[in-house]
Amino acid sequence: MPNSAMVDKLLLENHELDKTKLHRTIDEALHGLDDGEMFMEYRLSEGINFDDGHLKSASYDTCQGFGLRALTGQSTGYAHSSELSMDAIQRAAAAVQAIKAGHKGKKDLAPRRTNQALYDDTNPLESPEFDAKIQLLAEIDAYARSKDSRVRQVSVSLLGEWQVVKIFRTDGVEINDVRPLVRLNISVVASDGERLESGSHGVGSREGYAPFINPTAWQSQADEALRQALINLDSVPAPAGETTVVLGPGWPGILLHEAIGHGLEGDFNRKKTSAFSGLLGEKVANPGVTVVDDGTLPRRRGSISIDDEGTPTERTILIENGILTGYLQDRLNARLMGMRPTGNGRRQSYQHAPMPRMTNTFMLAGDQAPDEIISNVSSGLYAVNFGGGQVDITSGKFVFSCTEAYLISDGKLGPPVKGATLIGNGPDVLTKVSAVGTDMQLDPGVGTCGKNGQGVPVGVGLPTICVDSLTVGGTENDVT
């Protein structure tokens, strides 16, 4: 696990906190309750934005604090503070003890221990120096503009953070984690006469900046953003209607995440507000569809050694060959449902209580060649990239906008289209997947998931798949 001395220095010694007193306070606060923990956090973050040839903004922030949680039954007592002191912790302990009234429950078992450590103690924000980062963004801006005379605007951003976590539980249990996170985004606006179109590409990972800021890497990223913008200049209005839709590999997995993944989170299923509630062991998708959530993949954006309750992350099979086999669980909902935690209890920061959240959620590869899948479609849409979307967890209904999509005619790709939206129902879509490609890819490392006002970094993935029937919203007449 991470260097305990480094973690203790940042979160305890620098604030003159005594471990013995801390453990005594936590034990007393949580005595006789079902569960609970104290989550301590130290986070450094930076953001640099270069827009239209100029440095637009730069920020550097330090955030630290703790959150103390007490659980009894379905009830949660939560207190947090940015002040790391015994006085603040004792005040929080007194506040959460109000939840004890009349409780005679049995304490939940502590998380299993783990030697897994996905990341070392290196702070990714330390290299390169700030001036070098500014120069890098200026070079990217100049490169993108030099590639095509139609480029009108370039926006580049570099984002990074370094989070150090320490979790205290009762009976002297301490769990540490260190979590780096970086991201580079490039957006390009191109024009052809009066028409303006944009393209963007982002990459990121849980490691230092080095893999993304070498010229070969960022030039490829800028080329991709420009490619999308120029393709969109040639796009035609999207047709509307029911049609076959082929989803490309990688980032289109965001549709899987939103339309299906959220519906498999434990809280929604315990409360029976998910379209998948009560369906464990039943067929919910066509054979060949297997969906997993895996928080153990090194350097992936959604990967963490432990979740924010101290449970080691794992590979959880949610749907296996069309059969619903599991839900994503934090400790609270797992206990109430008589299941085991899966390492999916996540929180945005010490100011928030954890809840069931995805890590890296993706569909496994199938046995069909991607080109063969497209060649078997007489008429339809090939969706490669997505923008925003909306999902109703209870019904599973979704709407997603395509930022890059092409018509399919007689098994061949046609012109790009603009303004296409995909409209459907997550559980229904799973039953209409008729082909799964061999080319499963994870997204380039840019996903952030929102739920109940909290945002956490996640990963998504998908092979090329064919959905036999899906509603496409557009501006032209019927797609067929």
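Both backbone and side-chain heavy atoms feed into the values below; hydrogens, waters and symmetry mates do not.
Partner of Met355 under the side-chain contact (heavy atoms from CB on, under 4.5 Å) criterion, out of Val456, Asn452, Asn344, Asn333: Asn452 alone. The side-chain contact (heavy atoms from CB on, under 4.5 Å) test with Leu17 singles out one residue from Asp8, Leu11, Ile89, and that residue is Ile89.
Looking only at distances, a side-chain donor or acceptor of Arg347 sits under 3.5 Å from a matching main-chain atom of Asp308. A donor-acceptor pair is defined here as one N or O able to donate and one able to accept, closer than 3.5 Å; no such pair exists between the side chain of Asp468 and the backbone of Thr244. Proximity of a side-chain donor or acceptor of Thr273 to a complementary backbone N or O of Phe268 within less than 3.5 Å is detected. For the pair Asp443 (side chain) and Gly461 (backbone), a donor-acceptor distance under 3.5 Å is absent. Put simply, the side chain of Tyr78 gets close to the backbone of His352: a donor and an acceptor are under 3.5 Å apart. Judged by distance alone, the side chain of Thr114 and the main-chain N or O of Pro312 form no donor-acceptor pair under 3.5 Å. Looking at Asp307, its side chain does come within 3.5 Å of a backbone N or O of Gly345 through a donor-acceptor pair.
In this structure, the side chains of Met40 and Leu84 come closer than 4.5 Å at one or more pairs of heavy atoms. Two residues are said to be in side-chain contact when any heavy atoms from C-beta on lie closer than 4.5 Å; Met86 and Leu22 meet this criterion. Contact annotation: the side chain of Ile186 never approaches that of His201 to less than 4.5 Å [non-hydrogen atoms, C-beta and beyond]. The closest side-chain heavy-atom distance from Asn176 to Val165 is not below 4.5 Å. Two residues are said to be in side-chain contact when any heavy atoms from C-beta on lie closer than 4.5 Å; Glu41 and Lys166 fail this criterion. Contact check for Gln329 versus Arg340: no side-chain heavy atoms found under the 4.5 Å cut-off. For the pair Ile319/Val284, a side-chain contact is recorded, criterion being any heavy-atom separation below 4.5 Å from C-beta on. Counting heavy atoms from C-beta on, the side chains of Phe276 and Leu430 come closer than 4.5 Å.
Defined by atom type and a distance below 3.5 Å, a donor-acceptor pair is missing between the side-chain atoms of Arg346 and Gln454. Glu83 and Ser85 form a side-chain donor-acceptor contact under 3.5 Å, judged by distance and modelled atom types alone. Ser434 and Asn286 are not linked by any side-chain donor-acceptor pair at a separation below 3.5 angstrom, with hydrogens and angles left out of the test. Between the side chains of Asn385 and Thr403, no donor-acceptor pair of N or O atoms lies under 3.5 Å.
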Go through it in stages, so that I can follow the logic: the residues are Glu161 and Arg179, the test is salt bridge (Lys or Arg N to Asp or Glu O under 4.0 Å), and I'd like the CA-CA distance, side-chain angles, deciding distance and then a yes or no. CA-CA 8 Å; Glu161 69 176 47; Arg179 303 165 180 174; over 6 Å; no
Derivation and outcome, side chain to side chain contact (heavy atoms under 4.5 Å, CB included), residues Phe212 and Ser205
CA-CA 9 Å; Phe212 310 110; Ser205 182; 3.4 Å; yes
### Stepwise salt bridge (Lys or Arg N to Asp or Glu O under 4.0 Å) check, Arg357 with Glu309
CA-CA 12 Å; Arg357 307 294 298 272; Glu309 300 176 304; over 6 Å; no
query = salt bridge (Lys or Arg N to Asp or Glu O under 4.0 Å) between Glu37 and Arg331: does it pass, once the steps are laid out?
reply = CA-CA 11 Å; Glu37 77 286 313; Arg331 289 175 60 82; 5.6 Å; no
Test side chain to side chain contact (heavy atoms under 4.5 Å, CB included) on Arg301 and Arg183; report intermediate values, then the result. CA-CA 9 Å; Arg301 186 171 171 86; Arg183 177 172 168 175; 4.1 Å; yes
- Task: Applying side chain to side chain contact (heavy atoms under 4.5 Å, CB included), run through Asn269 and Met337 and close with a yes or a no.
- Result: CA-CA 9 Å; Asn269 287 280; Met337 296 178 72; 4.3 Å; yes
task = Could you check Asn49 against Ser155 for side chain to side chain donor-acceptor pair (under 3.5 Å), going step by step and ending with a plain yes or no?
result = CA-CA 7 Å; Asn49 296 291; Ser155 299; over 6 Å; no
- side chain to side chain donor-acceptor pair (under 3.5 Å) assessment of Thr170 paired with Asp27: CA-CA 5 Å; Thr170 57; Asp27 285 350; 4.8 Å; no
With salt bridge (Lys or Arg N to Asp or Glu O under 4.0 Å) as the criterion, how do Arg91 and Asp87 come out once you've worked through the C-alpha distance, each side chain's angles and the decisive distance to 0.1 Å? CA-CA 6 Å; Arg91 290 195 298 269; Asp87 284 345; 5.1 Å; no
Before you tell me yes or no, could you show the steps for Thr316 and Asp293 under side chain to side chain donor-acceptor pair (under 3.5 Å), namely the whole-Å CA-CA distance, both residues' side-chain angles and the distance that decides it to 0.1 Å?
CA-CA 5 Å; Thr316 303; Asp293 182 88; 5.3 Å; no
Practice task
Might you work through the side chain to side chain donor-acceptor pair (under 3.5 Å) test for His31 and Glu28, ending with a clear yes or no?
Solution key: CA-CA 5 Å; His31 178 71; Glu28 291 174 353; over 6 Å; no
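Here Lys451 pairs with Asp267 in a salt bridge; the nearest charged N to carboxylate O distance falls below 4.0 Å. Salt-bridge check for Asp35 with Arg335: failed, with every basic side-chain N at 4.0 Å or more from each acidic carboxylate O. Classification of Glu404 and Lys418 as a salt-bridged pair fails, no side-chain N sitting under 4.0 Å from a carboxylate O.
Within the 6.0 Å centre-distance limit, the rings of His23 and Phe168 are counted as a close aromatic pair.
What you find for Cys402 and Ala405 is that their closest heavy atoms are CB-CB, 4.1 Å.
A search for ring-ring contact (aromatic ring centres under 6.0 Å, His included) contacts involving Trp162 returns nothing, not counting sequence neighbours.
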